[in-house]
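A quick write-up on the structure given underneath.
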Amino acid sequence: MDYIQNTPADAADMLKSIGVGSIDDLFASIPEGVRLQRPLEIPPALPEQDLLSHLQSLAARNRTFDAGRCFLGAGAYNHFVPAVVDALFSRGEFLSAYTPYQAEASQGTLQHIFEFQTMICELTGMDVANASHYDGGTALEEAVAMAVDHTERRKVVISGGVNPQYRAVVKSLFKHLGATIIEVAQVRGTTPVATLKEAAQDAACIVMQNPNFLGGIEELAAVSEIAHAAGALSIASVNPVALALLKSPGECGCDIAVGEGQPLGIEMNFGGPWAGFIAAKKEFIRGMPGRIVGETVDAEGKRGFTLTLQAREQHIRREKASSNICTNQALMALRATIYLETLGPGGLRRVAEVCVQRSHELAAKLAKVQGVKIPFQYPFFHEFIAELPHPAQTLARLQEKGFLGGLHLQPVFRDLRDHVLLCCTERNSSADIDAFVAALAEAVK
Amino acid sequence: MDYIQNTPADAADMLKSIGVGSIDDLFASIPEGVRLQRPLEIPPALPEQDLLSHLQSLAARNRTFDAGRCFLGAGAYNHFVPAVVDALFSRGEFLSAYTPYQAEASQGTLQHIFEFQTMICELTGMDVANASHYDGGTALEEAVAMAVDHTERRKVVISGGVNPQYRAVVKSLFKHLGATIIEVAQVRGTTPVATLKEAAQDAACIVMQNPNFLGGIEELAAVSEIAHAAGALSIASVNPVALALLKSPGECGCDIAVGEGQPLGIEMNFGGPWAGFIAAKKEFIRGMPGRIVGETVDAEGKRGFTLTLQAREQHIRREKASSNICTNQALMALRATIYLETLGPGGLRRVAEVCVQRSHELAAKLAKVQGVKIPFQYPFFHEFIAELPHPAQTLARLQEKGFLGGLHLQPVFRDLRDHVLLCCTERNSSADIDAFVAALAEAVK
Amino acid sequence: MKTIFEKSHPGRSTAYLAAAGPDEKPVASLLPASALRTKPPGLPEVSELEIVRHFTELSHRTFSIDGNFYPLGSCTMKYNPKINEKIAALPGFAKLHPLQPEDTVQGLLEIMWSLERMLAEIAGMDVVTLQPAAGAQGELTGLLLIRSHHQENKQDQRKEILIPDSAHGTNPATATLSGYKTISVKSDARGGIDLEDLKSKLSERTAGMMITNPSTLGLFEENIQAIAELVHKAGGLVYMDGANMNAIQGRARPGDFGIDVMHFNLHKTFSTPHGGGGPGSGPVACKKFLEPYLPVPRIQKEGASFKFDFGQPKSIGKVKAFWGNIGMHIRAYTYIRFHGPEGVRRNAEHAVLNANYLMSLLKKRFKVAYPRLCMHEFVIDNTPYAKKTGVRTLDMAKRLLDYNFHPPTIYFPLIVHEAMMIEPTETENRETLDAFAAALLKIADEAKTDPEKVKTAPHTMPVKRLNEVKAAKEPIVRCYTCG
Amino acid sequence: MKTIFEKSHPGRSTAYLAAAGPDEKPVASLLPASALRTKPPGLPEVSELEIVRHFTELSHRTFSIDGNFYPLGSCTMKYNPKINEKIAALPGFAKLHPLQPEDTVQGLLEIMWSLERMLAEIAGMDVVTLQPAAGAQGELTGLLLIRSHHQENKQDQRKEILIPDSAHGTNPATATLSGYKTISVKSDARGGIDLEDLKSKLSERTAGMMITNPSTLGLFEENIQAIAELVHKAGGLVYMDGANMNAIQGRARPGDFGIDVMHFNLHKTFSTPHGGGGPGSGPVACKKFLEPYLPVPRIQKEGASFKFDFGQPKSIGKVKAFWGNIGMHIRAYTYIRFHGPEGVRRNAEHAVLNANYLMSLLKKRFKVAYPRLCMHEFVIDNTPYAKKTGVRTLDMAKRLLDYNFHPPTIYFPLIVHEAMMIEPTETENRETLDAFAAALLKIADEAKTDPEKVKTAPHTMPVKRLNEVKAAKEPIVRCYTCG
Ligand SMILES: Cc1ncc(COP(=O)(O)O)c(C=O)c1O
Ligand SMILES: Cc1ncc(COP(=O)(O)O)c(C=O)c1O
C-alpha cells in the first residue's frame, strides 16, 4: 500500500525521459555490496480499514480517565480545550505547511507565530519570545546555555523546585560540557531564598520554577536580586496559565523566562508533542535560539511578516549558531495561540482562578480525612502535597476506582516518602472532588 | 451564555444610532398582550465545558456496536469511511455556506454539486440528477409525483420489495392526494414480474427497488418493459454501492432512478442526516424537483457553475413549482462526492465485491447451523433472509454478546414470522462472520 | 479550475480495502450475469493527495460564515458553533444504526424527547414532531395535519389555503403539493396583512392560512391576534412559517398569539450548519388537538426510559424514512442547552438590535421599503438607484463580493421591487456592520461615479459575472468527459 | 490583514467556564498579594466567530502540501495522510497523562516498542530511542552517545567532529553544542566526499564524522564503505544524518554500510505533518555497543507486557522531558504499518524516480550542479542565469509563487552557488512535475524577456516582496498595541 500516484505506464514513460531502463538503474550509485537484497522484515501492509481497526484496538488498550477524575499534574495538566481549537488547528493548510521560508506564501504561519510571540511576551513580561521550542525542559536547557554564553561562567544554580524531568534534561547536556550544576533543595514546598546567596557566586544563572514542581509559589523577585548581585542571570520556568494571576517573570526582574505551553489547549498526548517557549529581555535577543518572526513591509509599504534575525541560526551561522534547533513545535504553538486568543484575558484568568479554587478546596477537604495530612503550609497554585499511609497502594486503589490520584513523590524526592503531589484544574468539579475525597478516605482505611 | 459580540456599551451606542431608548422599544410592534413576560422554562445555560460533559454522558448512554459486529442493514449500511472524507467535509467553508445563490462567490459549492450530479448520472445511467434530496424515501415520493404529473394518472404501483419506510412516506402523501396505491407483494425474496402486468394498467408508474429490501436482485429491465407497455413510467430505487456491480437503472430502461446516498461515506447518524438523490432521463429535466447546478461561462468566456433551471423551483414558480423543496442535503451529498471520488471506480467496485462475498459467506455458513435455515434461494447483493427459532429472543441474546444481529421481519412482513434480514459489508471480516455464526449457533440452542 | 474528471488518470487510486485473496469467489459465480453491468461507472481515478488538493481549493472558492459576513435575509446565517460539530460527531451519536433496539439508544431518545419539550416551550405549543427534514417539509407536515383535522370533522370542502403575497415560495408550493389551492392575500401599506383583503377571501372553503411572523419583510404582524381570530371564525386553522423565530424566541410565542401549528428551521434559529444548501431540520409544533395526526413514531417517556410509539391510528404516517435529521437535533439541543433561557432571549434581542442598527446606517441613503423599526431583518428598495443610474440590485450585490461581503438576499420578497433583504444576525459585531454599511454606501457612490464598474462586478472572484441565461437555455448539468 | 490584537474590543469574549458562584473564595484570600500581578496580560478580547474568521483567513494565506506542490529540498514534503491525524487524535492516545501507570498504557508502549523495532530494521541497526524531538536533537543525542563511548574508553582527547561542507547547518551547530570542534571536509567534483581531504583531517583527535547519506546534494555517497572504514581506523565513529532516508528505505541500510549511529526525521521520511515549523521527531538508531548510553527510559518487553526501564547507569540521561513526541510516533507507526515492506521500498523508488524525471525535464535549460542520476532530490546552479540576466535564484523562487508552486529550497547547500534544491517526493504525480517544470522553464524565458517581472515577483500573493533587511535591522518581534 502506498500513496504513490505513478502508474506502471507513467513510470515506464518517466524512465524513458530519464534515459534509464529500470528503477533499479536509478539506484546504481549504491554500492552493490550494501544494496538490500531482501524485503524489510516489518509487518505486512494494512489497508486503511484494517489499519484503523488495529490502531483502535491499541488505543483501547490504554486507559483514559474521566476528565474530572484526573488529579495528577506534575508537569502535564488536564485542562479543558474549547472545540474551536481543534476545529481550526486541524485545517490542512496549517498542518501541512513547512517552516515559512518563503514569507510571501506563508503570511498565515508567520502571523500566527507573531501573535504567539506577542502573547508569550505579555504573559511573561518579556520583550522577545521565539516561535517555540521542543518543550519546557529543552527550553530551560537553552536558557541556561544562553546564560552560560552570556556570562561566560560554567556554574549553574538550579532550584530543587524545578520539575525533575527538566533538571534531568539540563544535566544531560551540561554534565557533558563540564559545567557545575548546583541543586538547591526545596524545603517544605518552596526554595529557601537565603541559601541561594552563597550558591550564586560565580554562577551563570539561578534557575527557579514558579509555581514550582510542588505547586509552591516562589519568591522570584528576591531570587532575581540575588542573581543580579552575583552577576548571574535570573531564569524562571513558568506555567503560562498561572501567569494570568501571578506576577510575571518580567515584573520579578528575571532575564529569561521559559516554560511549557501544554496547559494552553494542548492535549496531554502522553507527554508530547507540546510546545516549549523561551522569552527574554531585549538585550538577549541575538543570543536567542530558534526561529523568530518579525514585522516588516513589502515593496509597496504594506505590513507583512517574515522570519528574522536568522544570522543567529544554524543554517547561516553553522558551528557559531546560538543553538542547533531547526524544526520546532510551531503547530503546537498554534494550538496555544488559538487557545489564548479564544479565552482572552478574562477567560484565562477564570481558568487560573478555578484552578486555585479547586485545589484549595481539595486540600481543605483532604485535611479532614482520617489518616491524611497536608504537611506543609506554603502558598500554592494548583498543586500541593498530601501525606498518606502507603502511597503506592493507595494510588493503586484509587486507580481501581477510576481516579488518577496524584504522583508519589518518593522515588524522586527522597525525603518525601509518604507524600503525593495532587493537582486540580477547572476540569475537577466540586462533585469530582467530593467523590475523590470519599474514595481516598476509603482507600487509606 | 451566547455568542453575541455586542457589549453593553456597544448596545447603548447602537440604540442611540437607531433612536430608541432600550432593547424593549425595538419589540414595540409585538402586541403587549402576547409579549412573554417570564423566562422560558428551559434548562439553564451550560458553559462549553459542562455542555460537553453533559452530551458525552448522553452519548455514553447509547451503545455503539463494533464495526465488524453489526449485521444489521435494512436501509442503513455500515460501511468504512476513509479518513480523508471527514477531514475535508469538516472544513468550515463547506459547513457554513448557504445555498449558492451568488454563483461567483460559491464556485466551490457549485462545482462539488456538479461533480455529484455527474457521478449520480454515471452510477444510475441517467442524464440528469439534482443536487440531493432529503433522503431516499422522500426522493422516491418526488419521483412518484413526477410520474403522476407527467402521466396525469393517479394510480401508483409499488413493489412490496421497496423499503417499508419508503413505502410509508409515499403513502402518507398520496393517500391525502387521493391516489390509488397498489402494492405488489414480494414472493420468496423478489417481486413476481408477471403479476405486474395487470397492475400496470392506467398506472402512473411502477416502482421497484434494486437490490430490494430483502437484498434480492430484481428484474428491472422486464419491469420497465411492462411499465412502458402500459404507458407508465418505470421508477427504480437503488443502492449506489451496488451500482458498482449491477446494471444501472438506465441500462434497464428506467425513466427515473432515486436512492439513498448514505452508503457513500455518510455515517449512519441514527437515520439522518443522509442524502437522497433523484436522477432521470433528460426528457424529465423540467419536472425535476430541487436545485440543479449547470455549467456556463463568465463574462470573459471562462467556465463556471451556477444554479440553473430555477424556473422549476418554488421561489420562482410558487404554487406551480415542480416541488416545494428548498433546503436539501447538500453537505451530505458532499460527503458522498468525496467518498466516490476517493474510492474511484475500482475502489467502489471492490467495496461492492466484498459485500457480495461476505454476505454469501455468511449465508453459506449459517445454512450449516443446526436450527437455522436459508429458506429462499434468490440472487442477493449484501442482504438475505434467514429463518430462526424465536427470532426476537435470539436477537436479544446476540445483542448481549455484542452483535447487532439483523432485523426481525415479522412486524412488517406478516408472512415472514421467524425470519430475520441479515447484512454484511466490507466491515465484517471472515473472522467476524465466524464469531457471529458461533454466537448465533449458541443463541438458537 | 479543473473538475475532478479532468484530473482523472487511468489506474490511479488509493487502496482502502485489501485486494481479493485466493479463496475469494468471483462475483460472476455468485450473481446472475444478466444482473451485472458491463461498463464501470465513470468515476474519477485520482490519488488521495489530489482529493485533498481538489477540495481544499474548492473550499477556498466558497464564501461562508466562517470566512465572511453573510447577511442573507430570511436565512439567519449566524455563527455555527464548533462545539456542536464536535458533539454531533461523537461515535455514541454518529455510529448508531437507526434500527438499533430502543434500550441501546436511550441517550439519544432523551435528547430528542427533551428537544421536543424545549421547542414546545419556545413555541408556546403543546407537542412537537422532529421528523421533517427541513422547513418546507415541516410546512407539508403541517398542512397534512390541517387536512386530517378537517377530514376528521367532515370538512372536506375546505380546499383553500390563504397565503400573504410576501410569503416565501415554499408556502404556496407546499399548499399545491398537499392538494390545496393557494389564495393570495395582499399586504397593506405598512407591510402587514391587509385585513379587508383577508376578510374578503375567507370562506367555508378556507382550510387555513399560512402566515410568516415576523414576516419576510422583517416585520412583526401587529394584527396577528385579530387575523388568527378571523381565520378561526371562518373555520380555518392558522399555520405559522417559523423561519423567522430567531427574532422573537423568548419574547413572544406563536402559541400565545393564536397559531395552531408551525415549523421551526433548526438550521436558521438554532444554528445548525447549512452546508451549501442543507441539511436542515423542520420540526413541527402544534396544539394538542392536532396531536393525533402527527407523524409516527412519537417519542414517549415511561418512567425514566424512552421509547418510540408507532400506535397512532389517526397519524398522517411518515414524512421521512426513520426519525428525522438526528444530527441536526443533536446540534440544536446542544445550542439551546448552551444558551439557556436568557441566552435564547438575548439572541432574539441582539438579532433585532443588529438589524435596526444596520438599517439606521443605511436608511440615510437607501430607501427602506417599510421605514419603521424592524425585527431581525429589513428590506431595501433599490428602485431609486436603478432608475437614476441603471445600476440594479443585482449589480450592487455582485459588487459587494469585491468588498468580501456576501450580498443580502435579492429580489425577494417579490412585493418589493429591486429588493435587498438584509439579515445580519446577532452573532456579528458592530465593526462588521459598520464596514458593511460603508461598503454599500461606497457602492451607491460608485453607481453614480463609475456605474460600469458596478455593472460588471464582481472583479475579484475566481470567475467574472456568470451567464445564467446561457446556463438555463443550454443546460449542461453534468460532466460528459468522465468514464 | 489585521492582527488579532487590532480586532480586540474590551469586554468581548465567549464564556467557556461558569462565572464564580457565591461561595467561591476570592483568589486574594488564597494566595499572597505579593505574588499576584496587577495588570492583566494583553491578550486579545474577541468572540469565537472572530477567532474562526481570523484563522480561516490565516489558513488561506498559507501554502501547504494540502494546497500546493511544495518541492522544498531536504524537507521531504510528501502527502501527510489524513488517517494518521485521525488516529493520533483518538482519545485513547491523545488524552493520556505521561505519568499514568504503565499498566494503563500498554497499547501505546507497544506502539513505541514496535516502532523502535521497525526503525531498527529499516536502519539496519540494533537499537533505537524515540526520545529526541527533532532531527537536530537526534544529532545532539547521537554525539552525546559518541562522547560517552570515548569517555568510557578514556579517549577524552577526541574533540573533533568531521563534517562535509555540504552538510546541513544543524550538524556543525550540534557539534558545537555538544562541546566538539567542527572540522570541515571538502566535497569532490562528483559531489562526494573528497577522500584525500578526509584522510588529511582524520587524527587521534577525531571523535567521529557526521555524514549525510544520501547527501544534501541528493547523491548517494559512493565511497561510503571506504569512508566509514577510514574513520573507524582513526578511532572515530560514524554518525549519519538520516534526513534523506526517504531515498533509500528498503533499498539500503546505514547499518549495513558502516554507520554506527544515526537519526531519522519522522516528519520527513514518515510523513508526520510539519505544521509550519514543527513538531518533528528524531529517533536515534545505533549499534549494540552504544546501547548503554541511550537516554532513559528504554522500553522493554517482558512476556506480553511493556515497561519503562530507567535503570541504565551509563545512560546520557534525558534529552527531553517525558518520552518524546509521542503523537509523531503514533503517526509514523501508522504510516509504516500502512505501507508494509513493499510500500516502504516503493516510496524510496518513486521518490527517486520523480526526482530524476523532474531533473530530466529541467536539465535541458538549467545547469544541474552535479549532472548525474540523483536520489530523492537534485540541485540546480543558477549562476548562468544570474550572470546573463541579473535574475537570481531568489527572484525565480518568488516568481514560482505566482504560478502557485512553492519554490524549492534555495541557497542551500552552500557549496552550490545560486542553488535551487528540488525534492518532489514520491506522492506527486507526473502532471504536477510537468507543470512545475513548465513554469520554471517559462520563468527562465521571462528572465530574458521581462526580467523586471521576475525581479519584482511575487505579484499575486497577499503581500508583495517583503523587506527582510528592514526586518532584521529594526526588529519588531511582537505587537505593541495589545494590552
Ligand atoms: C420564510 C421561509 N419560509 C420557508 C423556508 C423554507 O425552509 P427550508 O429551506 O428549511 O425548507 C425558508 C427558507 O429559506 C424561508 O426563509
Ligand atoms: C539534512 C538535514 N539535516 C538535519 C536537519 C535537521 O532536522 P530537524 O529540522 O528535524 O531538527 C534537516 C532539516 O531540515 C535536514 O534537512
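Numbered from 1 within each chain, the chains take letters A, B, ... in sequence-line order.
- Counting heavy-atom pairs under 4.5 Å between each of D:Arg147, D:Lys470, D:Glu45 and chain A puts D:Arg147 at the top.
- Between chain D and the options A:Leu58, A:Ile325, A:Leu348, A:Asp25, the largest number of non-hydrogen pairs under 4.5 Å is found for A:Leu58.
- Residue contact with chain A, scored on non-hydrogen atoms closer than 4.5 Å, involves the backbone and the side chain of D:Pro462 alike.
- A donor and an acceptor atom, one from each side chain of A:Glu115 and D:His54, are located under 3.5 Å apart.
- Remark: D:Arg478 does not engage A:Asp127 in a salt bridge, criterion side-chain N to carboxylate O under 4.0 Å.
- Looking at A:Ile316, there are no atoms closer than 4.5 Å to chain D (heavy atoms on both sides), in backbone or side chain.
- In this structure, chain D has a heavy atom under 4.5 Å from the side chain of A:Thr308, while its backbone stays farther away.
- Aromatic ring orientation, A:Tyr3 versus D:His339: perpendicular (interplanar angle above 60°, classes split at 30° and 60°).
- Ranked by non-hydrogen atom pairs under 4.5 Å with chain D, the options A:Ile30, A:Asn62, A:Ile4 are led by A:Asn62.
- Between the side chain of A:Ser96 and the main chain of D:Ile65, a donor-acceptor pair closer than 3.5 Å is present.
- Heavy atoms of A:Glu48 lying under 4.5 Å from chain D belong to its backbone as well as its side chain.
- Although no hydrogens or angles enter the test, the distance criterion places no donor-acceptor pair under 3.5 Å between the side chain of D:Thr174 and the main chain of A:Asn324.
- Heavy atoms closer than 4.5 Å to chain A are found in both the backbone and the side chain of D:Met1.
- Contacts of D:Phe338 with chain A are made by both backbone and side-chain atoms, with heavy-atom separations under 4.5 Å.
- The two atoms that bring D:Gln225 and A:Pro31 nearest to each other are OE1-CB, 3.5 Å, heavy atoms only.
- Between the side chain of A:Glu93 and the main chain of D:Ser64, no donor-acceptor pair closer than 3.5 Å is present.
- With hydrogens and angles ignored, the 3.5 Å screen pairs a side-chain donor or acceptor of A:Gln165 with a backbone N or O of D:Phe322.
- When the ring pair (Phe, Tyr, Trp, His ring centres under 6.0 Å) test is applied to D:Phe63, no partner is found at least two apart in sequence or on another chain.
- Ranking A:Gly92, A:Cys70, A:Cys326 against chain D, the residue ahead of the rest is A:Gly92, based on heavy-atom pairs under 4.5 Å.
- With 3.5 Å as the limit, one finds a donor-acceptor pair spanning the side chains of A:Gln329 and D:Asn325.
- Heavy atoms of D:Leu90 lying under 4.5 Å from chain A belong exclusively to its side chain.
- Residue contact with chain D, scored on non-hydrogen atoms closer than 4.5 Å, involves the backbone and the side chain of A:Gln56 alike.
- No side-chain N or O of D:Thr176 forms a donor-acceptor pair with one of A:Glu319 less than 3.5 Å apart.
- A:Arg317 does not touch chain D: none of its heavy atoms, backbone or side chain, sits under 4.5 Å away.
- At a 4.5 Å heavy-atom cutoff, the contact between A:His360 and chain D is made by side-chain atoms alone.
- Here CE of D:Met359 is found 8.0 Å from CD1 of A:Ile18. Values are rounded to the nearest 0.5 Å.
- Residue contact with chain A, scored on non-hydrogen atoms closer than 4.5 Å, involves the side chain of D:Tyr79 exclusively.
- A:Tyr166 touches chain D through its side chain: at least one heavy atom from C-beta onward sits under 4.5 Å away, while N, CA, C and O do not.
- Side chain to side chain, D:Thr62 and A:Ser106 fail the donor-acceptor criterion of an N or O pair below 3.5 Å.
- Applying the salt bridge (Lys or Arg N to Asp or Glu O under 4.0 Å) rule to A:Glu104 yields the partners D:Lys398; only residues at least two apart in sequence or on another chain are considered.
- Both the backbone and the side chain of D:Leu30 have a heavy atom closer than 4.5 Å to some heavy atom of chain A.
- Contacts between A:Val293 and chain D at a heavy-atom distance below 4.5 Å involve the backbone alone (N, CA, C, O).
- Interface remark: D:Met77 contributes side-chain atoms only to the contact with chain A (heavy atom separation under 4.5 Å).
- Counting heavy-atom pairs under 4.5 Å between each of D:Glu342, D:His350, D:Met118, D:Glu57 and chain A puts D:His350 at the top.
- Taking CD of A:Glu341 as the start and CZ of D:Phe55 as the end, the distance is 4.0 Å to the nearest 0.5 Å.
- Closest heavy-atom contact between D:Leu361 and A:Ser17: CD2-OG, 4.2 Å.
- With no hydrogens or angles considered, no side-chain donor-acceptor pair links D:Ser178 and A:His176 at under 3.5 Å.
- Scanning both residues, D:Pro44 and A:Pro345, for their nearest heavy atoms gives O-CD, 3.5 Å.
- In terms of heavy-atom pairs under 4.5 Å with chain D, the best-connected choice from A:Leu243, A:Ile113, A:Leu334 is A:Leu243.
- Scanning all heavy atoms of the two residues, the minimum distance from A:Gly271 to D:Lys320 falls at O-NZ, 3.9 Å.
- Defined by atom type and a distance below 3.5 Å, a donor-acceptor pair is present between the side-chain atoms of A:Asn6 and D:Asn354.
- Within the 4.5 angstrom heavy-atom criterion, atoms from both the backbone and the side chain of A:Gln102 approach chain D.
- For the set A:Thr64, A:Asn163, A:Leu55, the entry with the most heavy-atom pairs within less than 4.5 Å of chain D is A:Leu55.
- Of all heavy-atom pairs between A:Pro379 and D:Pro32, the closest is CB-CD, 3.5 Å.
- The existence of a salt bridge linking A:Arg91 and D:Glu85 is excluded, since no basic side-chain nitrogen approaches an acidic carboxylate oxygen closer than 4.0 Å.
- Heavy-atom distances place no part of A:Ser90 under 4.5 Å from chain D, backbone and side chain included.
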